[in-house]
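Atoms within each ligand, like the ligands themselves, are counted from 1 in listed order.
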Amino acid sequence: MLPHESGKGAGGGATTRPCGICALIERCRAGSFADFVAELPHSFVILGDAQFYRGYCVVLAKRHINEIHLMPPDEARALFDETVAVGRAIALATRPLKLNYECLGNLEPHVHWHVFPRFETDAMRAAPVWIRPEAERKVALEDSDRLALIRTLAGELRRQIPAARVAVER
Ligand SMILES: [Zn+2]
C-alpha cells in the first residue's frame with residue numbers, strides 16, 4: 001500500500017479527486033520524497049510503506065493511465081521489464097524465499113506494481129501479503145537501515161539500467 005492509500009477509495013466512477021500517485025511522482029521529481037529509490041525510463045521506484053516485508057518496492061508508471069491494457073504494448077512491456085529489474089534488485093538485496101508481483105490499483109487507479117519479498121521467517125508466507133493486519137505490515141525500517149537499503153537497491157538498478165536516475169548521496 002502506498003502512504004496516501006487511506007482506504008477511502010475513489011468511488012469507482014469519474015471523480016475530480018486528484019490522483020495520489022501523480023502527486024507522489026511530483027514529490028519524487030521535486031526531490032522531496034524520502035523513500036524515492038530511482039527514476040527509470042518508464043517509472044518511478046519507491047520503497048513501500050509495509051517494510052514488514054523488508055525491501056518491498058512500488059513501481060509507479062510515469063504516465064497516468066488506469067489499466068495496463070490501455071497502454072501501448074511496447075510501453076506496457078517496458079514497464080514490466082523495469083518491474084522485473086526491481087524484483088531482481090530486491091532479490092539481490094534481501095535474498096527472499098519468494099517474490100510477489102501485484103498490479104492492483106483498486107484504491108489508486110494509476111498503473112503501479114507492488115513487488116514484495118517473502119521470507120522463510122514469515123509464518124503467513126503462503127498467504128497474500130494483504131492478509132496480514134495493516135498495523136503489522138506497515139512498519140518503518142530504522143533510518144540507517146532504510147537508507148542503506150535504498151542505496152543498495154538504487155545501485156543495483158543503476159547497474160541493470162544505466163539510464164536510471166537515483167537519489168544523490170544522502
Ligand atoms: Zn495518476
Practice item. Answer yes or no for Arg132 and Phe52: cation-pi contact, defined as NZ/CZ to six-membered ring centre under 6.0 Å and angle to ring axis within 45°. Key: yes

Study note, to complete from the structure: Residues pairing under side chain to side chain donor-acceptor pair (under 3.5 Å) where one sits in residues 86-97, two or more places apart or in two chains, turn out to be Arg88-Gln160

Exercise for review: Please list, chain by chain and in numerical order, all residues satisfying side chain to side chain donor-acceptor pair (under 3.5 Å) with Asn100, sequence neighbours excluded.
Suggested key: Arg118

Practice item. Quick one: list whatever passes side chain to side chain donor-acceptor pair (under 3.5 Å) with Arg54, sequence neighbours left out. Key: Asp145

Check your understanding: How about Asn66 and Val111: do any of their side-chain heavy atoms sit closer than 4.5 Å?
Key -> no

Revision key, fill the gap. Any protein N, O or S atom under 2.8 Å from the Zn ion (ligand 1)? Found Cys19 SG, Cys22 SG, His64 ND1, His110 ND1

Exercise for review: Verify the neighbour count for atom CZ of Phe80: are there more than 12 heavy atoms of other residues, nucleotides or ligands below 6.0 Å?
Suggested key: no

